[in-house]
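Notes to accompany the following structure.
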Amino acid sequence: MNDCPNAEIRDQLPDLIHERLEVSMRAAVLAHVADCVDCREELELLRGVRAVLVTQAPRIDITHVVAALPKAPAQRRRRQMDWRIAAAVTFLAVGGSSVALLNRTTGVTVGNGVPPVAPVIGQATPLASSAANAVPANVAPANDSQARPAQVVASANEQAAADVSPGGRFADLNEGQLKALLGEIDKLQAVPVTEPEPVSIRVDAKSPAAPDAGGGGAAHDR
Amino acid sequence: MTDPARGSGGSDDRQDLELIARWKAGDERAATELVERHAAALARFAVSSGERNEVDELVQDTFVRAFNSLDGFRGDSSFRTWLFTIERRLLLDRRRSEKRRRDKTEIQEDDAATEYDALDSMVADETQRKLKHAVERLSPTQREVFSLRVAEGLSYKEIAEAVGTTEGAARVHYHNAMRAVKEFLDE
Ligand SMILES: [Zn+2]
């Protein structure tokens, strides 16, 4: 098998079989090959080698490979965000209950004179929804973008709010505390939380205040 | 397996860049598409580089490493060339650790021979078998360069990037390989 003396054309032969030539160069190579036995033989050889190399490579299980890949960056960020929001909500809920507890057990009024909220017996649901509505109404500034995260959190975790409200609504937090927490949530540039599962808090179930919590306390037994 | 990513160079590269951007924006399906486009080529390159064991694992590791360091991919070379570079580095690491292990224990040539025969039987045609042996007789560098040029259609520049050499050296390796293959077939 001889080498064609036209080195430039020979160099293009692999590109010809891979369709990587510009139109004019492709036409020139094809014209040359039509008249050149050496190049035709080499072309045939290249096709044969290519076929061998393709045949002998094992098949790769695409799904197996994909399963091992890291999550897309935006997905990762979202996941992190969800957890940070969940953490903030946890803090909010636990904090709210604790303040309520503190109010109840010590009789001390926290913050700027907001009185401790009396337990509403047998009204867990209205209480929960009022907690959801109360947060933006009481605390959020007129700015809608700031108010939204609180609403999102509150509505997505309405049941959680009910769970942690044996006499302790979010309103039990003083204004400063709530503003600080909402500020934190705002900094997270919250997206709506679609997975509220991290917020199953049962903090006050066994607290001393639980027995007189009435309807709110019953929710803990589930 | 067909090779969806090959064709006229530019648009493939652009498509890869688009898929990478989509993945970075959170589209997990873009990752699947990227794997589909390049997995077969990586498997071929692994085999051409003389790797016979756990090629699928090597390909997987290559993608995992690539996706973990996608921020380092600037698009100066094609995505596929970049993948070859990563795969080759992993392959060298693997060989180094295998060599260390072999230095401690006896060489188990039997296993390698078995897999080799299995591959051999896949190439049923006599001409193909002869071509296969011709390629196998090339030096490791010649074989790498030759297969990247013939099976993948890479330019000498891309080959130089993938195997860490110069464009001129890649061209010389290719033509020496071609000459050697022809001589073997003429014997
Ligand atoms: Zn010619």
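Quick note on labels: first sequence line is chain A, next is B, and so on, each numbered from 1.
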Does any heavy atom of chain A fall under 4.5 Å from the side chain of [X], the backbone, both, or neither of them?
X       : result
S155(B) : backbone
D186(B) : side chain
L42(B)  : neither
V135(B) : side chain
R179(B) : side chain

Exercise. Between T32(B), T127(B), L70(B), D56(B), which shows the greatest number of heavy-atom pairs under 4.5 Å with chain A?
Worked result: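 Result: the option with the highest number of such pairs is T32(B).
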For this session: Could you have a look at K182(B), E183(B), E57(B), M178(B) and say which one has the most heavy-atom pairs with chain A under 4.5 angstrom?
Result: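 Ranked by contacts with chain A, first place is K182(B).
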Exercise. Below 4.5 Å, heavy atoms only, C-beta onward: do S49(B) and R95(B) meet side chain to side chain?
Worked result: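 SC-SC contact between S49(B) and R95(B) confirmed.
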Exercise. So, do R88(B) and F45(B) sit near enough that their side-chain heavy atoms are less than 4.5 Å apart?
Worked result: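 Yes, their side chains come closer than 4.5 Å.
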For this session: Go through the structure and list residues passing side chain to side chain contact (heavy atoms under 4.5 Å, CB included) with R171(B), not counting sequence neighbours.
Result: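 With neighbours one apart ignored, the set is D11(A), Y156(B), H175(B).
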For this session: Begin from the C-alpha positions of T63(A) and D61(A) and carry the test side-chain hydrogen bond (donor to acceptor under 3.5 Å, both in side chains) through to its verdict.
Result: CA-CA 6 Å; T63(A) 46; D61(A) 182 349; 2.7 Å; yes
Exercise. What pairs meet the salt bridge (charged side-chain N to carboxylate O under 4.0 Å, His left out) rule with one or both residues in residues 23-38 of chain A, with sequence neighbours excluded?
Worked result: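 Listed once each, the pairs are E19(A)-R26(A).
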For this session: Please state whether the side chain, the backbone, both or neither of I17(A) comes within less than 4.5 Å of a heavy atom of chain B.
Result: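 Just its side chain gets close to chain B.
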For this session: With a 4.5 Å cut-off on heavy-atom pairs, point out which of E42(A), R10(A), H64(A), E41(A) contacts chain B the most.
Result: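 Going by pairs under 4.5 Å, I would pick E42(A).
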Exercise. Is R50(A) paired with E44(A) through a side-chain N to carboxylate O contact shorter than 4.0 Å?
Worked result: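 Between R50(A) and E44(A) there is no salt bridge, as every charged N stays at least 4.0 Å from the carboxylate O atoms.
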